[in-house]
Engineer: 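Have a look at this one before I ask anything.
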Amino acid sequence: MAFPELHIYNSLSRKKEVFTPLNPPFAGLYVCGPTVYGDAHLGHARPAVTFDLVFRFLKHLGFKVRYVRNITDVGHLENDADEGEDKIAKKARLEQLEPMEVVQYYTDRYHQDMDRLNVLKPSIEPRASGHIIEQIEMVKTILDAGFAYVVNGSVYFDVTSYHEKYHYGKLSGRSLEDMMAGSRELDGQQEKKHPADFALWKKALPGHIMRWPSPWGEGFPGWHLECSAMSAKYLGQSFDIHGGGMDLLFPHHECEIAQSNAAFGHDAVKYWMHNNMITINGQKMGKSLGNFITLREFFDGSHKALTGAYQAMTIRFFILQAHYRSTLDFSNEALEAAGKGLRRLLHAMDTLKNLEGSDTPTVDVSGLPQLCRNAMLDDFNSPVAIAHLFDAVKTINAVNDGKERISKSDLEILRNCFDTFVTDIFGLTGKDDQAGDNATGVISGLMEIILELRRQARQNKDWETSDKLRDALQKLNILVKDGKDGASWEMTN
RNA sequence: GGUCUCGUGGCCGAGUGGCUAGGCAGAGGUCUGCAAAACCUCGUACAGCGGUUCGAUUCCGCUCGAGACCUCCA
């Protein structure tokens with residue numbers, strides 16, 4: 001089977017490259033998932049949606065994709081005054097919970113958020129805590145290869161000796177000398193031979209709750225090891241695409257590269273993809289800055305910076321309307337704009353269902369699928385593909401108004417194109433995700449009754465009753481839309 | 001300080017050496033009992049200053065400004 005030329009921007013080469021899978025028709029994709037010690041915020045939605053798009057599009061192209069996205073439940077070290085305390089462990093102690101209880105709680109909530117964003121589940125979602133053995137094995141291999149050393153029950157990666165044979169810093173474009181200058185006093189710094197050395201295995205202090213036995217004593221795996229170990233386990237020692245946020249490029253991914261080379265003797269990853277950050281007031285939204293808004297707060301509008309609640313689909317569309325390598329600035333205005341645009345797009349899809357073909361067409365839309373496809377083949381350029389779809393929206397409306405005519409075959413092409421791109425690839429749906437299926441059914445039943453009563457009132461020119469119903473419904477965020485063929489309604493939060 | 005991005009019309013955001021995306025807002029219009037919704041029409045913007053070029057928003061240099069990474073971060 002031949003695949004069309006997909007161009008992917010590779011962070012390693014800093015340019016777009018033609019995607020050539022290692023083992024067609026298979027494609028391996030690994031993405032750094034969340035550390036589950038808090039609710040996911042808008043920033044977490046970016047890689048989730050971005051690589052969901054990659055996942056969906058690769059499948060659309062005919063690849064058999066294995067998508068691995070990990071859950072980090074061992075926690076990374078805190079580098080503040082807490083002397084190397086594990087994030088998960090810290091949260092656990094504060095809340096008087098078992099560490100795994102915290103992990104379970106936030107993992108479940110993460111899944112709920114992802115479901116609402118219509119992010120497909122990855123093929124495998126491995127947990128770091130479930131792969132301690134694999135990580136220990138990898139540390140052993142790196143030690144045997146001579147690229148690590150043991151100090152005091154901890155194992156450190158020896159960047160200096162690694163750099164003699166390989167190139168440490170090739171992903172981030174840093175030199176060892178620079179890192180020397182920029183280093184600062186951290187826990188364990190005295191134990192390291194070089195400031196850039198990083199922990200593969202860390203000895204657990206007495207108060208540390210999360211700990212596992214190892215050849216070097218009780219401890220826990222280093223910050224970067226889990227991704228190397230788990231990607232190798234599920235995708236092999238060489239695989240196609242590794243993704244994650246730009247902020248992980250250094251040191252996390254740089255260290256992953258070093259670990260893989262040290263352990264396997266070659267690079268593991270062919271294409272590195274990095275999504276850019278979401279900003280708020282021009283600044284990165286992030287945990288450390290405390291300027292984040294959780295997805296749940298968006299869904300229910302409870303954060304004080306929000307002027308209202310936003311549907312999950314609005315957030316998804318907002319993200320897709322920007323290219324994944326650009327920063328995306330959040331504001332209420334921008335989100336509202338996205339929501340309205342999305343509604344227009346979905347509304348046109350409805351209209352499309354009812355159009356009829358003509359034998360004397362005045363428009364030609366047969367090129368649309370190729371335009372959308374080409375945009376996506378060019379480094380997943382969803383905003384351009386969406387722009388093409390909006391051009392088609394204009395045509396759809398014109399046909400609907402009787403101003404233009406479309407051929408039956410073009411109509412079929414249009415329907416397929418919207419189904420394929422809007423629904424399958426962009427994962428945008430019009431279904432209301434706020435209420436459960438049961439409640440939704442009841443609501444639409446009630447609305448039918450109410451609108452029928454209102455229709456009767458209007459027939460009798462009883463405008464007072466008609467307007468009263470309309471206004472009352474509006475207060476419940478239900479918008480009544482009077483059209484030529486009667487009224488319809490919509491939830492507007 | 002080091003490494004690196006970016007600066008597009010009121011807002012969000014694509015893209016390109018010449019043919020000047022798209023969405024939202026705004027203005028006008030169609031429809032409507034009114035309104036809303038829906039639909040149609042309308043905007044030559046690319047930080048500043050130089051340079052290369054027949055021609056630059058797009059290439060180069062400088063200035064100014066913003067941001068990311070260098071420490072956990074998506």
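Protein chains get the first letters and strands the later ones, always in sequence-line order, with residue 1 at the start of each.
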Engineer: Rounded to whole angstrom units, what separation is found between the CH2 atom of A:Trp489 and the C1' atom of B:rA36?
Structural biologist: 17 Å
Engineer: Which is true for A:Met277 with a 4.0 Å heavy-atom rule: it touches a base, it touches only sugar-phosphate, or it touches nothing?
Structural biologist: base
Engineer: Ignoring hydrogens and angles, tell me if any N or O in the side chain of A:Arg325 forms a donor-acceptor pair with the backbone of A:Met273 under 3.5 Å.
Structural biologist: no
Engineer: Within this structure, what is the CG-CG distance for the pair A:Leu352 and A:Leu414, rounded to the nearest 0.5 Å?
Structural biologist: 5.0 Å
Engineer: Could you list all N or O pairs between the protein and nucleotides 13-19 of chain B that sit under 3.5 Å apart?
Structural biologist:
unit_1, atom_1, unit_2, atom_2, d
B:rG13, OP1, A:Asp329, N, 2.7
B:rG13, O2', A:Gln321, O, 3.4
B:rA14, OP1, A:His323, N, 2.6
B:rA14, OP1, A:Ser326, OG, 2.9
B:rG15, OP1, A:Asn381, ND2, 3.0

Engineer: What interatomic distance, in whole Å, is found between P of B:rC54 and the corresponding atom of B:rA66?
Structural biologist: 38 Å
Engineer: Take atom C1' in B:rG10 and the same atom in B:rU5, then report the distance between them in whole Å.
Structural biologist: 26 Å
Engineer: Parallel under 30°, tilted from 30 to 60°, perpendicular over 60°: which one fits the rings of A:Phe157 and A:Phe198?
Structural biologist: parallel
Engineer: So what is the 5' to 3' dot-bracket string for RNA chain B, if pairs are Watson-Crick or G-U wobble with both distances under 3.5 Å, crossing pairs use [ ] and | means the partner sits on another strand?
Structural biologist: (((((((..(((.....[...))).(((((.......)))))....(((((..]....))))))))))))....
Engineer: Taking atom P of B:rG23 as reference, at what distance in whole Å does atom CE of A:Met313 sit?
Structural biologist: 21 Å
Engineer: Hey, can you tell me if A:Phe317 and A:Phe390 have their rings parallel, tilted or perpendicular (30° and 60° cut-offs)?
Structural biologist: perpendicular
Engineer: Distance check, C1' atoms only: B:rC12 and B:rC39, in whole angstrom units.
Structural biologist: 23 Å
Engineer: Select base, sugar-phosphate, or nothing to describe what A:Gln283 touches, counting heavy atoms under 4.0 Å on all strands.
Structural biologist: sugar-phosphate
Engineer: Between A:Phe317 and A:Asn275, just flag the one whose closest nucleotide in RNA chain B comes earlier from the 5' side.
Structural biologist: A:Phe317
Engineer: What's the gap between B:rC46 and B:rC59 when it is taken at their C1' atoms, as a whole Å value?
Structural biologist: 16 Å
Engineer: State whether the distance check finds a donor on one side and an acceptor on the other, under 3.5 Å, for side chain A:Lys403 versus base B:rC40.
Structural biologist: no
Engineer: Between N or O atoms, less than 3.5 Å apart, protein on one side and nucleotides 30-34 of chain B on the other: list the pairs.
Structural biologist:
unit_1, atom_1, unit_2, atom_2, d
B:rG33, O6, A:Arg458, NH1, 2.6
B:rG33, O6, A:Ser466, OG, 3.4
B:rG33, O6, A:Asp467, OD1, 3.4
B:rG33, N1, A:Asp467, OD1, 3.2
B:rG33, N1, A:Asp467, OD2, 3.4
B:rG33, N2, A:Asp467, OD2, 3.1
B:rC34, N3, A:Arg470, NH2, 2.6
B:rC34, N4, A:Arg470, NH2, 3.0

Engineer: When rounded to the nearest Å, what value does the distance between C1' atoms of B:rG22 and B:rG43 take?
Structural biologist: 14 Å
Engineer: Taking B:rC42 as the reference, what is the distance to B:rU52 when you measure between their C1' atoms (whole Å, please)?
Structural biologist: 38 Å
Engineer: Any salt bridge (Lys or Arg N to Asp or Glu O under 4.0 Å) pairs touching residues 363-375 of chain A, not counting sequence neighbours?
Structural biologist: none
Engineer: Counting the atoms with a prime plus P, OP1 and OP2 as sugar-phosphate, which does A:Lys340 contact under 4.0 Å by heavy atoms, base, sugar-phosphate, or nothing?
Structural biologist: sugar-phosphate
Engineer: So A:Ile386, base contact, sugar-phosphate only, or nothing? Heavy-atom distance under 4.0 Å.
Structural biologist: nothing
Engineer: Listed by chain and number, what are the side-chain hydrogen bond (donor to acceptor under 3.5 Å, both in side chains) partners of A:Tyr67, not counting sequence neighbours?
Structural biologist: none
Engineer: Would you indicate what A:Ala334 reaches in the nucleic acid, counting non-hydrogen atoms under 4.0 angstrom: base, sugar-phosphate, or nothing?
Structural biologist: sugar-phosphate
Engineer: Nearest 0.5 angstrom please: A:Arg127 CZ to A:Met230 CE, how far?
Structural biologist: 11.0 Å
Engineer: Reckon A:Gly282 touches a base, only the sugar-phosphate, or nothing at all at heavy-atom distances under 4.0 Å?
Structural biologist: sugar-phosphate
Engineer: Using the closest heavy atom to pick a nucleotide of RNA chain B for each, name whichever of A:Thr395 or A:Pro251 lands nearer the 5' end.
Structural biologist: A:Thr395
Engineer: Would you confirm whether A:Glu490, through its side chain, and A:Lys481, through its main-chain N or O, come within 3.5 Å as a donor-acceptor pair?
Structural biologist: no
Engineer: For B:rG23 versus B:rU71, give the span between their P atoms, rounded off to a whole number of Å.
Structural biologist: 44 Å
Engineer: More than 12 heavy atoms of other residues, nucleotides or ligands under 6.0 Å from CG of A:Asn281: is that the case?
Structural biologist: no
Engineer: Given the C1' atoms of B:rA47 and B:rG65, what is the spacing between them in whole Å?
Structural biologist: 8 Å
Engineer: For the pair A:Phe380 and A:Phe57, name the ring-plane relationship: parallel under 30°, tilted 30 to 60°, perpendicular over 60°.
Structural biologist: perpendicular
Engineer: Can you run down the side chain to side chain donor-acceptor pair (under 3.5 Å) pairs that involve residues 389-403 of chain A, sequence neighbours left out, and say none if there aren't any?
Structural biologist: none
